[in-house]
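These notes concern the structure reproduced below.
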Number of protein chains: 2
Amino acid sequence: MVGRRGSVSMKDVAALAGVSVGTVSNVLNSPDLVAEQTRLRVEAAIEKLGWVRNETARQLRAGDSRSIGMVVMDIANPFFADVVRGAEEFLYQKGYSVYIGNSDQRLDREATLLDHFQQHRVRGVLFASIGASVERAARLRQRGIPVVLVDRAAGAADFCSVGMDDIEGGRLATAHLLSQGHRRLAVIGGPGDLTQVRDRRRGANFALQAAPEASLLVISTELLDVAWGRRAADDLLLLPERERPTAVFALNDLLAIGLLQGLTLAGVRVPEEIAIVGYDDISFAAAAAVPLSSVRQPRAELGALAAELLFEEIRTAESSEHHEHRGVRMTPELVVRQSSLIKS
Amino acid sequence: MVGRRGSVSMKDVAALAGVSVGTVSNVLNSPDLVAEQTRLRVEAAIEKLGWVRNETARQLRAGDSRSIGMVVMDIANPFFADVVRGAEEFLYQKGYSVYIGNSDQRLDREATLLDHFQQHRVRGVLFASIGASVERAARLRQRGIPVVLVDRAAGAADFCSVGMDDIEGGRLATAHLLSQGHRRLAVIGGPGDLTQVRDRRRGANFALQAAPEASLLVISTELLDVAWGRRAADDLLLLPERERPTAVFALNDLLAIGLLQGLTLAGVRVPEEIAIVGYDDISFAAAAAVPLSSVRQPRAELGALAAELLFEEIRTAESSEHHEHRGVRMTPELVVRQSSLIKS
DNA sequence: ACTGCGGGCTGAGACGGTTCAACCGCTAGG
DNA sequence: CCTAGCGGTTGAACCGTCTCAGCCCGCAGT
């Protein structure tokens, strides 16, 4: 016999196997309590009826959800897509299901998503929040739902968080250009109030301290896209050749690509006359007209690490151990390609 | 008082408002059955306790889930990322939550994901399956879970499905090149057993019927990536100039970009000597060294439409109306840019 | 005064699992 | 012979919400 909704329940399995529902439950959750023979009978019944455990009911009674909620700003952004992949991979392996939501950088969407997650009693949340709404996260945590902040300043000391070390990334790119013998450098990108922009610039300055005789020209852009990269090229071309930088650090790859196009169009050869390093190592960087050196961020690893921190926090909460919040910064890596190499 | 797990339940709300739990439930689900004054008291209690409905329990009792499962091959692929966005947007608006899973084109992952979804008793599934495993989908449907196939041949008549009209896309691209006066054409891409490849080529041939004097050279590649595009460029360059095609239809943008690079490196000007049209209109197409004409697929719309079909199937199932499965093909659109324009 | 009626509310089952105290039959030990 | 212990199983309580039959009460109609 089956339930009114046509779905098979444990009761049906129990009946067919000639045992009580308690025993069926034990077969699933504590198989070693059940006699081999009985277990086989129950398993056969499950197989025969095609029964699938109702996770909803399990969760209601057992009280521990096996879902994780994840909020990202934009799943169509390759950066977040990779972060999601990394996190998802880890969590599925641990037996969790993942709810994913786009916030579109809108606060109300963010709120709605967190509401959904709360209603579903997710076991934890990975939160790539746009700026301000950390209080919401705090409220979640207060209700016993651990939250890990993704790609955020670890400033909020009462959360675990993972982020990228943009200062180190800026330093890497700039140090590489210096090591290639360049002394007139430029950094292009903006706007300056983005933490990423600020940190990468800071890293550049940091690297420059090792070469006091070098100069750094800062060109600010309003956006980090191809069009602004082209404009930056024009800016450079206006300079008299002897003042013109011989190497440029572009704060992301789109800028770098725009720059490359602008320079090439004007007949300036890359890297012979101007070397370029980008940032992000988007998949197209390697395929640009001149393969682009770039600072690679371990995106999938970032996601996986965030998931791991969340998992750890959940684990400690369950065993009511003490949990120390950790803010991890991952270090980016420089990928050198043709656009910044002096030919020998 | 609150439950042992620290979470507030309807019972607590009822106690504080001085009513029964039944009334609290009515406030939520049938407010018009409740006297205004009582309603306000209950709402105040909810607010004060910060109660959030336990969706898990609701679903168990009410029997209707408000989650949708979605399987994609690779969320990091921009194509699917956009499809997901479109679907998610629609479903959230309808009050559904969305579980997302990457299959990585692996059958076992696909199976695991569908298992999870089944355990969570999702209300429906959006399934971008890699080839063969339609039987799994069939089993789901058989258990009352509607499934809509995404980006699949609508061949399986017993499912709703959405896909792209690749034949039309191929026709569009080729007709455009013909209209620009080209008569020696080439189509590059492969492998030939991908439906997408086959259909786009078929569309190209279809367009050619309108210009019997034109010729079409087919260059096959093993993959649809930049490297193979470069090789195809070499192939073209081996031809004596008077036999060489003056226009190329590349079956995706990565090929087109590789081709563009190969030709440019060899000093062949695009579009003056060889015109190029790509496919997919990836975000980089517009930013290539020569902005690339391309066939754009309405990716987000594809996702939204899939979601809509699923929603519709769910609705009819609930009202036990008859449901006619629909296979929808969306038509792509040609975006003309510099790479295929004769300068005048 | 009695009946009928309807708005407003209550309270007791479900829903499908998990969990745990209790029980059963049986063997080993005293 | 009695008790203790043990592997194996049972059955009922419970998780938080929805639903629905039924109750209470005040009012209109006769």
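Naming: A, B, ... by sequence-line order, numbering from 1 per chain.
Residue pairs that meet the salt bridge (Lys or Arg N to Asp or Glu O under 4.0 Å) test with at least one member in residues 67-79 of chain B, sequence neighbours left out, are A/Arg85-B/Asp74.
Every residue two or more places apart in sequence or in another chain that forms a ring pair (Phe, Tyr, Trp, His ring centres under 6.0 Å) with B/Tyr99 is listed here: A/Tyr99, B/His120. Shown here are the side chain to side chain contact (heavy atoms under 4.5 Å, CB included) partners of A/Lys11, two or more places apart in sequence or in another chain: A/Ser9, A/Val21.
No hydrogens or angles were tested; on distance alone, nothing pairs the side chain of B/Arg58 with the base of D/dC18 as donor and acceptor under 3.5 Å. Put simply, the side chain of B/Arg61 and the base of D/dC18 share a donor and an acceptor less than 3.5 Å apart.
There is no side-chain donor-acceptor pair under 3.5 Å between A/Gln59 and A/Asp64.
The listed nucleotides are D/dT10, C/dT18, D/dT17; the one nearest the side chain of A/Ala62 is C/dT18.
Summary of helix geometry: the two end axes of the helix from C/dA1-D/dT30 to C/dG30-D/dC1, each defined by five base pairs via their C1' atoms, are inclined to each other by 60° (rounded to 10°).
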Can you give each donor-acceptor pair under 3.5 Å made by side-chain atoms of residues 27-34 of chain B, sequence neighbours left out, with the distance rounded to 0.1 Å?
| from | atom 1 | to | atom 2 | distance (Å) |
| --- | --- | --- | --- | --- |
| B/Asn29 | OD1 | B/Arg53 | NH2 | 3.0 |
| B/Asn29 | ND2 | B/Ser25 | O | 3.2 |
| B/Asn29 | ND2 | B/Ser25 | OG | 3.2 |

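Near DNA chain D, defined here as any heavy-atom distance below 4.0 Å, the residues from residues 23-42 of chain B are B/Ser25, B/Asn29, listed numerically.
When each of A/Asn54 and B/Val19 is assigned the nucleotide of DNA chain C with its nearest heavy atom, B/Val19 is the one assigned upstream, toward the 5' end.
B/Met10 comes within 4.0 angstrom of sugar-phosphate atoms only, judged by non-hydrogen atoms across all strands, and of no base.
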